[in-house]
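Each remark here refers to the structure printed beneath this line.
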Amino acid sequence: MAKDFSTREENYSKWYNDIVQRADLAENSAVRGCMVIKPYGYAIWERMQSALDKMFKDTGHSNAYFPIFIPKSFFSKEADHVEGFAKECAVVTHYRLKNDPDGKGVVVDDTAKLEEELIIRPTSETIIWDTYRNWVQSYRDLPILVNQWANVVRWEMRTRMFLRTAEFLWQEGHTAHATKEEAIEETHKMLDVYADFAENYMAIPVLKGVKSENERFAGALDTYCIEALMQDGKALQAGTSHFLGQNFARAFDVKFTSKEGKLEYVWATSWGVSTRLVGAVIMAHSDDNGLVLPPKLAPIQVVIVPIYKNEKQYRMVCEKADEIRIAMQNKGLRVKLDDRDTHKPGWKFNEYEFKGVPLRIAIGPRDVENDTVEIARRDTLEKSVYQQQDLPNKVEHLLEAIQDNLFQKALNFRDAKTFYADTWEEFNEILDEKGGFIYAHWDGTAETEQKIKEETKATIRCIPLGNKKQEGKCIYSGKASAQRVIFARAY
RNA sequence: CGGGGUGUGGCGCAGUUGGCUAGCGCACUUGCAUGGGGUGCAAGGGGUCGGAAGUUCGAGUCUUCUCACCCCGACCA
C-alpha cells in the first residue's frame, strides 16, 4: 500500500495533522489560529451534538442562546474569572468601516468608536449571570437548567486542529440552584453524563476526578473533569464540570427569596465539552492507515464498493448493492453506496480507510453469483466473506463488536500506560520513557505542583473521585501526603 | 513577545559560483486500454518565483527593507 503520510512512530503530531487533512476533517483557514471544519469533520461533531443534546434533555435541561458579545465591564465583576481569561480575549472597539481616503480598501472609522468595548465571549458565565438576575425572584423559579451550543474565542498563541484553536465550538451548561447540595449534585450528574458519553459513544475510557487549585477553572470552587489518555501517552482533558458556589451570584447579585422568606444568593454550576472531542477521537483510535472512527460517531458506518469490469457488470452489481443499501438503511444504519465510475475499487478502499469508515462491503460479479459479500473491518483490517442472507443484522452486530473492541483496546492501552511512582527518579524516568498516567504522592501545595510542572512539564490531571487515602511522602518535597494523585504530560 | 526556519503552478519540492525558453512528483483535463487493494500509456492546461527598492548587460539566484506563515519557548479547554 502506498504510504504518503507519517506514522505515529515517526512523528506523532505530523501523523495527527495528516489524518485531519487526508480524512477531510478540517483545514487551516485564512485566519490565523482558526480552522475550517469540513463537512466530514463537522458530521462527526453533529453526531456528538445530537447524542449529548439528548442526554442533556433527558436530564432536564433546555437549550437557549446568549449573545456572542459581552460588555467589558461584566468581566471585571468576578476577580478570579477576569484573571483567568483577560490574556486571551478578543475585543471589539468599533462598529463601522469606511473607504480608505488614501486609496483602495477600507479602514476602521475612528468616529465609530464604541462607548464600551465588547468582549467576544471566551465563555458565557458573565452575560448569563447578568441575565439570570432578572429570571430569579423566588425559590419557585429554581432551578434554572440551561445549555447553549455556541462558538467561543480564546486568543491562543499556539494552536492545533481541533485540540486548540482560537475559535471553537462547544456547549456550555449554566445552572442555578437553591441549595449548595443541589448544585454539587448537578455538577456530578453532568460529569457522569460526560463520562458516559466518552466511554459509550467515543469508546474512550476516562478518569473522573477533581482538579487541583492550579488547574481549576477561574471563578469555580471546584472543577471536575474527565481525563483521557492519547496514544502518545499524553493526557487530554475531555470535559469539565464546575461547581461555582455563589461566586457569580454575588458578582451579579442574583438573589432569591427562600421558602423561609430569607433573601439568599443562588448556587451555580457550569459544564462544557468542545470540538476538542473530535481531536480526542482521532488520537485515541486511529492507526497508521488513517482515521478510525467508533461506529456510533461515524457519519458513514458502512460503505459499499461495487466491483465490475464492464457496463453490464456495473449495472448488475450496483442493482444488488443498492438492494443491500436499502435493507441496511431500513435497519437504521448509515450506509453509503459509492457507485462512482470515476474511481477504481482499490482507490476507494484506501479512501474509506483513511476516512475511518468502520465497515466496508465489497460486492462483485462473483458475489452476485454466490449471494455473498466481502466485509472488511476498519479496526482490525480483517476481511471475510459473508452470505447475503440476514446481512443487516450481521452488519449491526459487527458494528457493535467494533465499538466494543475500540473501547477495550483503548482501555488496555491505558492500563498498560498507568504507573505508580514513589521516587523523583522513578517519576522522571516514567515520564521520559513511557508517558501515561502516573499515580504519585503530592504534598497538596500549589507551589510543589508548580515546581513539578516547571521541571517536568507534567501536571496534576486530577485527584480521582473516590480516591483511596494512603499515607505517603510527596514525590517532590518529601513532605507528608494523604493520597496519590494523577500526573501526566497533557495537551 | 524572545530563539530558529521557510516563502517557486492547487499540494509537496528541485533550481550549482547570477546566464538565455523556470523544472520535477502528486493532483487536474482529454483519449485509449484497464477494473476483487492507490491502474497503465499517450497528449494537454496551469507559475509577474511572497512584496518593494537596489546592484548588474542580465536576478528565482546577490544586497537592503518589508510582509506572511511554520517550528521551539512563556499562556491555555
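Sequence lines set the chain letters: A, B, ... in the order given, protein chains first and strands last, and positions in each chain run from 1. Just so we're clear, the structure is a prediction, and the values are computed from it rather than from any experiment.
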- Roughly how many Å is it from NZ in K344(A) to C1' in rU39(B), rounded to a whole number? 4 Å
- Item | Sub-4.0 Å heavy-atom contacts from residues 365-391 of chain A onto RNA chain B, ordered by number | P365(A), R366(A), D367(A), E374(A), K383(A)
- When rounded to the nearest 0.5 angstrom, what distance separates OG1 in T445(A) from NZ in K451(A)? 9.0 Å
- Should the pair R360(A) and F349(A) be classed as cation-pi, given the thresholds of under 6.0 Å to the six-membered ring centre and 45° from the axis? yes
- Determine which bases of RNA chain B form Watson-Crick or G-U wobble pairs with both distances under 3.5 Å, and write the result as a 5' to 3' dot-bracket string with | for other-strand partners. (((((((..((((.....[...)))).((((((.....)))))).....(((((..]....))))))))))))....
- Query: Expressed in angstrom and rounded to an integer, what is the separation of R160(A) atom CZ from rC70(B) atom C1'?
  - Reply: 13 Å
- Query: How about E83(A): does its CD atom have over 12 heavy atoms from other parts shown lying under 6.0 Å from it?
  - Reply: no
- Item | Out of rG35(B), rC76(B), rG38(B), whichever nucleotide has its closest atom nearest the side chain of F354(A) | rG38(B)
- Query: Across the strands shown, which category fits R360(A) at heavy-atom distances under 4.0 angstrom: base, sugar-phosphate, nothing?
  - Reply: base
- Query: Would you find more than 12 non-hydrogen atoms of other residues, nucleotides or ligands less than 6.0 Å from K234(A) atom NZ?
  - Reply: yes
- Message: By the 4.0 Å heavy-atom rule, please label S13(A) as base, sugar-phosphate, or nothing.
- Response: nothing
- Message: Heavy atoms only, 4.0 Å cut-off, all strands: where does Y491(A) land among base, sugar-phosphate and nothing?
- Response: nothing
- Query: With a 4.0 Å cut-off, would you call R8(A) and D288(A) a salt bridge?
  - Reply: yes
- Task: Flag this pair as yes if the NZ/CZ of K296(A) is under 6.0 angstrom from the six-membered ring centre of Y201(A) and inside a 45 degree cone about the axis; otherwise no.
- Result: yes
- Length of the line joining E88(A):CD and rC1(B):P, which is rounded to integer Å: 18 Å
- Task: May I ask you to say what D341(A) touches in the nucleic acid, namely base, sugar-phosphate or nothing, with a heavy-atom cut-off under 4.0 Å?
- Result: base
- Taking the six-membered ring of F354(A), is NZ or CZ of R22(A) closer than 6.0 Å to its centre and within 45° of its axis? yes
- Item | E454(A) atom CD: more than 12 heavy-atom contacts under 6.0 Å | yes
- Message: Does L163(A) reach a base, just sugar-phosphate, or nothing at all? Heavy atoms under 4.0 Å.
- Response: base
- Task: Provide the distance between the two C1' atoms, one in rG19(B) and one in rG60(B), to the nearest whole Å.
- Result: 13 Å
- R154(A) and E167(A) ion-paired at < 4.0 Å: no
- Looking at rG37(B), does its base get a donor-acceptor pair with the side chain of E353(A) below 3.5 Å? yes
- Message: Over all strands shown, is Q237(A) touching base, sugar-phosphate only, or nothing at heavy-atom distances under 4.0 angstrom?
- Response: sugar-phosphate
- Query: Expressed in whole Å, how much space separates the P atoms belonging to rG46(B) and rU30(B)?
  - Reply: 16 Å
- Query: Distance check: side-chain N/O of R164(A) vs OP1/OP2 of rC75(B), anything under 4.0 Å?
  - Reply: no
